[in-house]
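All values below come from the heavy atoms of this structure, side chains included, with hydrogens, waters and symmetry mates left out. Reminder, nothing fancy here: chain letters follow the sequence lines and each chain counts from 1.
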Number of protein chains: 2
Amino acid sequence: MSRPTIAEVARAAGVSVASVSRVLNGLPATEEMVVRVQRAVQELGYVPDSRARSLKVGRTFQLTLAVADVGNPVYVTMMRAVEEVVSAAGYRLVVTTTGSDVVDEVALVRGMARGYADGLVISPLRVDDDLIKSIRECDVPVVVAGNVPASAGVDTVRANSPKGMALAVEHLLTKGRDRIAFVNGPVDTVPGAARAKGFADALKQYKLEAAGAIEADDFTFAAGRAAGQEFFKTNRPNAVICANDLLAVGVMHELAAYGLAVPADVAVIGMDDSELAEQSFPPLTSVNLGSAERGRRAAELLLARIDDDSRKPKRIVVQPTLSVRRSTP
Amino acid sequence: MSRPTIAEVARAAGVSVASVSRVLNGLPATEEMVVRVQRAVQELGYVPDSRARSLKVGRTFQLTLAVADVGNPVYVTMMRAVEEVVSAAGYRLVVTTTGSDVVDEVALVRGMARGYADGLVISPLRVDDDLIKSIRECDVPVVVAGNVPASAGVDTVRANSPKGMALAVEHLLTKGRDRIAFVNGPVDTVPGAARAKGFADALKQYKLEAAGAIEADDFTFAAGRAAGQEFFKTNRPNAVICANDLLAVGVMHELAAYGLAVPADVAVIGMDDSELAEQSFPPLTSVNLGSAERGRRAAELLLARIDDDSRKPKRIVVQPTLSVRRSTP
DNA sequence: ATCGTTCTTGTAATCGTTTACAAGCCAGAC
DNA sequence: GTCTGGCTTGTAAACGATTACAAGAACGAT
């Protein structure tokens with residue numbers, strides 16, 4: 001059966017549509033009016049059509065979070081944090097996944113016409129001028145959870161991965177591990193580039209040489225395994241830092257396959273400190289890049305901008321901490 | 001700057017709004033008309049307002065997938081499958097999370113007014129009469145990925161977890177493990193109940209006694225650890241079946257803590273065969289309950305029902321297989 | 001030259017809400 | 001008794017698209 005409209009409710013209650021709308025939106029009305037309308041609503045099982053409503057009021061009360069890969073547990077952490085903030089503000093959160101290709105991201109932002117959502121938090125893997133252009137032209141507010149140039153003029157919340165790298169390297173050095181290898185994700189991604197630079201800087205700071213660096217095809221478990229396979233045949237570092245937890249777990253599987261013990265033979269450090277770090281075996285020492293806090297603050301920034309679009313863009317940097325677990329000595 | 005409407009495009013192109021709409025929707029028009037409209041569209045950066053469009057045409061071209069917990073990797077598998085099917089059909093998928101409470105699920109279905117999406121795939125943990133009632137009253141099609149009574153009169157796609165249990169028990173028996181324990185999730189959930197019954201039936205079939213059964217508080221890693229902690233102090237099964245992969249991984253951590261080797265001392269089998277089964281160490285033998293196929297078929301059912309709401313409800317059962325990995329001998 | 005047919009384009013109604021405005025009603029003050 | 005002011009309620013115009021219908025143009029056939 002088809003949904004009743006406000007007109008049918010009005011007819012059933014013997015009042016005008018305007019009165020029904022007013023009662024539903026809690027505007028002043030007599031006791032009797034409220035009762036009549038509510039009874040009619042009850043009886044017909046009326047629920048307002050949100051399309052029509054949002055067409056009129058200009059808001060959908062939906063916010064979108066766009067992430068590259070739902071399989072990456074770091075996004076779970078971020079998603080939970082965002083969800084908490086936006087639902088407290090009376091919005092519902094919808095999550096969509098972009099894939100790691102920048103043209104998909106651009107298409108998503110372009111298609112983010114007013115009408116799908118009132119705002120967008122996007123965590124892009126790859127950033128190019130097209131993406132930045134589409135974000136600026138987007139007619140709903142966009143907050144980037146990630147690193148884009150200040151010139152883009154957009155609210156951002158990003159991690160400090162160089163500092164995170166430094167934490168990881170320092171930790172390994174205090175544990176006496178000085179032959180440190182690095183398994184990165186694709187360096188043409190924003191996090192990949194940042195982490196590569198961070199690793200190089202951290203080593204330079206301690207006047208160390210890298211014991212090897214390898215670029216995985218992707219930020220996934222499978223790519224981590226593949227990277228490990230290629231690498232540990234020939235190289236013998238006593239520690240390896242991975243650009244995220246999935247890569248680290250993939251690498252640990254390969255280490256086991258080559259009969260190397262973690263942490264005794266090789267210490268392993270991941271990044272993101274996702275739920276997977278806790279679940280892996282041995283539990284993974286991981287650089288906490290503050291995904292939860294980044295999610296929370298990105299959501300807050302978005303709400304603030306929806307509230308007032310004229311405020312100048314804010315760029316927040318969340319500082320990392322190290323979660324030490326048993327994959328390091 | 002505010003988004004231009006179709007009226008402004010029409011004015012800029014010097015044609016009527018109807019013509020603009022027609023060109024945009026690919027209806028027949030002269031070459032010149034097409035060019036003029038497209039240039040105006042280009043120039044103004046016009047994007048149709050999807051609210052207005054869907055108000056008129058009665059469809060949003062969005063479908064919703066509602067899952068209990070985004071942190072559970074089984075939903076990642078399902079989500080990917082659903083996404084693939086619906087995006088091929090020209091819909092966009094939005095994912096929302098309900099939490100494990102049935103009242104949240106009911107609220108979601110109730111609020112699923114026409115206008116948010118054209119259909120819903122829901123995978124409920126707990127089912128009660130209220131939920132079924134809300135599904136029947138929902139004015140957009142709903143497909144349940146899970147087990148609800150046939151009397152509910154709704155399309156469903158469900159797993160055959162008793163059969164899956166039997167596969168797990170058989171596998172253990174052929175490997176000579178006959179003291180089998182069971183770590184279940186909450187038995188007041190639909191999957192919890194199904195798996196409890198499946199386990200009991202499977203044991204009966206082989207005339208075995210359970211070497212212990214324990215009910216975790218939740219289907220999570222933390223609950224798995226807690227369950228293991230409580231359990232392995234006193235009991236000494238040589239195999240344990242867990243109601244999902246997260247629980248299994250939690251249990252394996254506790255086994256390690258008690259110095260028990262997997263699979264040498266205790267074999268472990270999970271259920272869902274999620275990405276985590278592959279990522280865990282040792283890789284987890286897991287009952288594949290066909291999450292991907294369930295997702296795919298649920299999506300297909302939903303599309304079919306959107307197409308024709310009069311067809312009678314279909315109830316699909318997906319058969320399980322066993323993915324043997326190294327957590328069993 | 002006139003008529004009918006076909007094709008293109010414009011006008012206006014519509015989807016289901018919200019809300020500005022007007023109108024009606026009642027009470028209280030003079 | 002009339003008038004003012006405050007409430008309540010109804011009428012109708014939006015919001016931005018789609019689309020039924022009508023009107024006009026072009027063109028061939030008689």
Side-chain angles (χ1 to χ4, degrees), chain A residues 1-41 44-62 111-118 139-140, chain B residues 1-38 40-41 44-62 90 111-118 139-140:
Chain A
M1 89 206 155
S2 176
R3 181 178 288 284
T5 72
I6 200 173
E8 298 172 48
V9 174
R11 192 145 33 81
V15 301
S16 75
V17 291
S19 299
V20 176
S21 174
R22 274 189 289 258
V23 169
L24 261 36
N25 293 25
L27 297 168
T30 59
E31 190 57 31
E32 199 216 336
M33 175 65 80
V34 173
V35 189
R36 290 174 71 172
V37 169
Q38 285 185 341
R39 191 166 45 215
V41 164
L44 298 177
Y46 169 78
V47 179
D49 183 313
S50 52
R51 286 170 305 207
R53 174 166 214 284
S54 68
L55 172 59
K56 188 62 179 145
V57 302
R59 301 214 271 162
T60 61
F61 292 97
Q62 286 196 341
M112 198 68 212
R114 186 167 60 217
Y116 281 122
D118 299 339
D139 63 348
V140 301
Chain B
M1 90 206 154
S2 178
R3 180 177 289 283
T5 74
I6 198 172
E8 297 172 48
V9 175
R11 192 145 34 81
V15 302
S16 75
V17 291
S19 298
V20 176
S21 174
R22 273 190 291 259
V23 169
L24 260 36
N25 292 22
L27 295 168
T30 59
E31 189 57 31
E32 199 218 335
M33 175 65 81
V34 174
V35 184
R36 291 175 68 172
V37 169
Q38 286 186 340
V41 164
L44 299 177
Y46 170 77
V47 179
D49 183 315
S50 54
R51 285 170 308 208
R53 173 166 215 284
S54 69
L55 172 59
K56 185 63 178 139
V57 302
R59 302 213 271 162
T60 59
F61 292 96
Q62 286 197 343
M112 198 68 212
R114 185 168 61 218
Y116 280 122
D118 299 339
D139 62 348
V140 301

Minimum heavy-atom distance between [X] and [Y], given as atom pair plus value:
{"X": "B:Val15", "Y": "B:Met33", "value": "CG1-SD, 3.6 Å"}
{"X": "B:Ala117", "Y": "B:Thr60", "value": "CA-OG1, 3.4 Å"}
{"X": "A:Ala10", "Y": "A:Ser16", "value": "CB-C, 3.7 Å"}
{"X": "A:Tyr46", "Y": "A:Pro4", "value": "CD1-O, 3.3 Å"}
{"X": "A:Gln38", "Y": "A:Val23", "value": "CG-CG1, 4.4 Å"}
{"X": "A:Glu8", "Y": "A:Leu44", "value": "O-CD1, 3.9 Å"}

- request: Have a look at the helix from C:dA1-D:dT30 to C:dC30-D:dG1 and give the angle its two end axes make, five pairs each, rounded to 10 degrees.
  value: 70°
field: Position toward the 5' end of DNA chain C (nearest nucleotide), A:Ser21 or B:Ala52
entry: B:Ala52
Listing time: all N or O pairs from protein to nucleotides 8-10 of chain C that are below 3.5 Å?
from	atom 1	to	atom 2	distance (Å)
C:dT9	OP1	B:Thr30	OG1	2.9
C:dT9	OP2	B:Thr30	N	3.4
C:dG10	OP2	B:Ser16	N	3.1
C:dG10	OP2	B:Ser16	OG	3.1
C:dG10	OP2	B:Ser19	OG	2.6
C:dG10	N7	B:Arg22	NH2	2.8
C:dG10	O6	B:Arg22	NH1	3.2

query: What's the closest nucleotide to the A:Leu55 side chain, out of D:dT19, D:dC15, D:dA17?
result: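 The nucleotide sitting nearest to the side chain is D:dC15.
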B:Ile6, nearest nucleotide to its side chain (from D:dT18, C:dT17, C:dT18):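 Nearest nucleotide to the side chain: D:dT18.
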When the distance from [atom1] of [X] to [atom2] of [N] is rounded to whole Å, what number comes out?
{"X": "B:Leu24", "N": "D:dT19", "atom1": "CG", "atom2": "P", "result": "12 Å"}
{"X": "A:Leu27", "N": "D:dG6", "atom1": "CG", "atom2": "C1'", "result": "17 Å"}
{"X": "A:Asn25", "N": "C:dA20", "atom1": "CG", "atom2": "P", "result": "12 Å"}
{"X": "A:Arg11", "N": "D:dT9", "atom1": "CZ", "atom2": "P", "result": "20 Å"}
{"X": "B:Tyr116", "N": "C:dT17", "atom1": "OH", "atom2": "P", "result": "13 Å"}
{"X": "A:Lys56", "N": "D:dA17", "atom1": "NZ", "atom2": "P", "result": "15 Å"}
{"X": "A:Arg59", "N": "C:dT18", "atom1": "CZ", "atom2": "P", "result": "14 Å"}
{"X": "B:Phe61", "N": "D:dT18", "atom1": "CZ", "atom2": "P", "result": "11 Å"}

message: Test your reading of the model: is there a side-chain donor-acceptor pair from A:Ser21 to the backbone of A:Val17, 3.5 Å cut-off?
response: no
query: Side chain of A:Asp49, backbone of A:Arg51: donor and acceptor closer than 3.5 Å?
result: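 Yes, the answer is positive, given that a donor and an acceptor are paired below the 3.5 Å cut-off.
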- request: Could you walk me through whether B:Lys56 and A:Leu55 pass side chain to side chain contact (heavy atoms under 4.5 Å, CB included), step by step?
  value: CA-CA 11 Å; B:Lys56 185 63 178 139; A:Leu55 172 59; over 6 Å; no
